[in-house]
Amino acid sequence: TVKVRQILDRYCEFMPHPIYLDKGDGSEPEQINDTEPLWQRERSEITPEKCSEFYKKQFNDFNDPLFSVYINADYPLNFKGLLFFPRPRNGYENIEAQVKLFYNQVFVADNIKEVIPDCLVNIKGVIDCPELPLNVSRSYLQTNTYVSKVSSHIEKKFADRINGLFNTEREELEKFWDLAAPYIRFACLKNEKFFDRIKDSMLFANTDGAHVTLKEYFGLSENDEQELSGNVFYASSKDAQAYYIELLNAKDKQVLLLENVIDIQFTSMLERKYKDLKFIRVDSDISSALGSETCEAPDGLENSFRKAVGSDETKLSFSAFGADDAPAFLNISEESRRLAEMMSMYSANSENAFPAEETLVINTNSPMVRA
């Protein structure tokens, strides 16, 4: 009986006709299938609670998904589906995508990778495709145009869902955005069309704990067609760069928080998209960020600092900051640091081969430096 139950659960869990299992112990036969699975119901009947319950059971996960996507595609695609964006357990992790294939509620395959968009590397769910034959093969899936259209439609529906959350449930989107952001940014890097669809809904966390779009960062309205341009100040560590953040906040400059490795590539992509947009880490050019002019060093001061630094590679610069500001700041070149970080992803010794350019900026208004 146990073996029979396992087979029925695997292949007949959602058959459209009731299936009963008689245990042979005199008890009433038990219906073991759901003749109206969640993806076959009307959208209005599918509640978040039902989605979570369905997801946990199908994919053996204890966590609720971050959000779900309901699909009911008409001609010419003609398929239904219920897909999920899983919640990572420990920040960014490699969650393998998994989509189960059904044919009119009959189970066909456990994981059809060919219908999963390349850019959505972590999605899970089920799709019901009456257009596919029951004896579907890998070679058929890889060359069939219908399958590629299904994949493109899934990608579009995920983009639409993100835009919908942004437009009507932004507060809910912000609750899980930081968890989803690395995967969404990867999707944008992988597929330019996906980025173009959701670019106005892309959120960024700032150091105050709020979330903004790039348009909001520059004070533009959502419908403003003006090209993004200007400097975006960001921090990669709220603690390590706390003093720089404090200085910029005091000047009413907002600082974004970009802590993931993929953010380096994503910001570079944005700079290629928008030629006049520049991302600057708070410790890379503090003088221009605070509007301080570079000035000449008082007599003998440069030699004194050069001797104290003990390195010919570290550049020296002098700027007039506030008297209460730090006597000196260490600036790290944005370009050279990015190169060093990118190379370190491929080689353990690359950081020494491509050292980041450092500049010691001395505050000539500091009482300590004056003395």
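Exactly one residue among Asn167, Thr213, Asn163 makes a side chain to side chain donor-acceptor pair (under 3.5 Å) with Ser201. That residue is Asn163.
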Worked check of side chain to side chain donor-acceptor pair (under 3.5 Å) between Glu131 and Asn78: CA-CA 7 Å; Glu131 302 296 323; Asn78 186 27; 2.8 Å; yes

Audit row: Ser284, Arg337, side chain to side chain donor-acceptor pair (under 3.5 Å) steps and yes/no: CA-CA 9 Å; Ser284 68; Arg337 194 203 73 252; 5.3 Å; no

Working for side chain to side chain donor-acceptor pair (under 3.5 Å), residues Ser237 and Asp239: CA-CA 5 Å; Ser237 171; Asp239 294 330; 5.4 Å; no

Asp128 and Gln40: CA distance, side-chain angles, deciding distance, side chain to side chain donor-acceptor pair (under 3.5 Å) verdict: CA-CA 9 Å; Asp128 196 324; Gln40 293 284 14; 3.3 Å; yes

Step-by-step ring pair (Phe, Tyr, Trp, His ring centres under 6.0 Å) determination, Phe107 to Phe14: CA-CA 8 Å; Phe107 176 79; Phe14 302 110; 9.4 Å; no

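Taking the ring centroids of Phe102 and Trp39, they lie under the 6.0 Å cut-off.
If you check the side chains of His211 and Asp178, you find a donor sitting under 3.5 Å from an acceptor.
A cation-pi contact links Lys100 to Phe59, judged by a cut-off of 6.0 Å to the six-membered ring centre and 45° from its axis.
Within 6.0 Å of CD on Glu169 lie more than 12 heavy atoms contributed by other residues, nucleotides or ligands. Other residues, nucleotides and ligands place more than 12 heavy atoms under 6.0 Å from the NZ atom of Lys50.
At distances below 3.5 Å, not a single donor-acceptor pair connects side-chain atoms of Asn249 with backbone N or O atoms of Glu246.
Annotation: side chain to side chain contact (heavy atoms under 4.5 Å, CB included) contacts of Ser292 (sequence neighbours excluded): Leu290, Ser319, Phe321.
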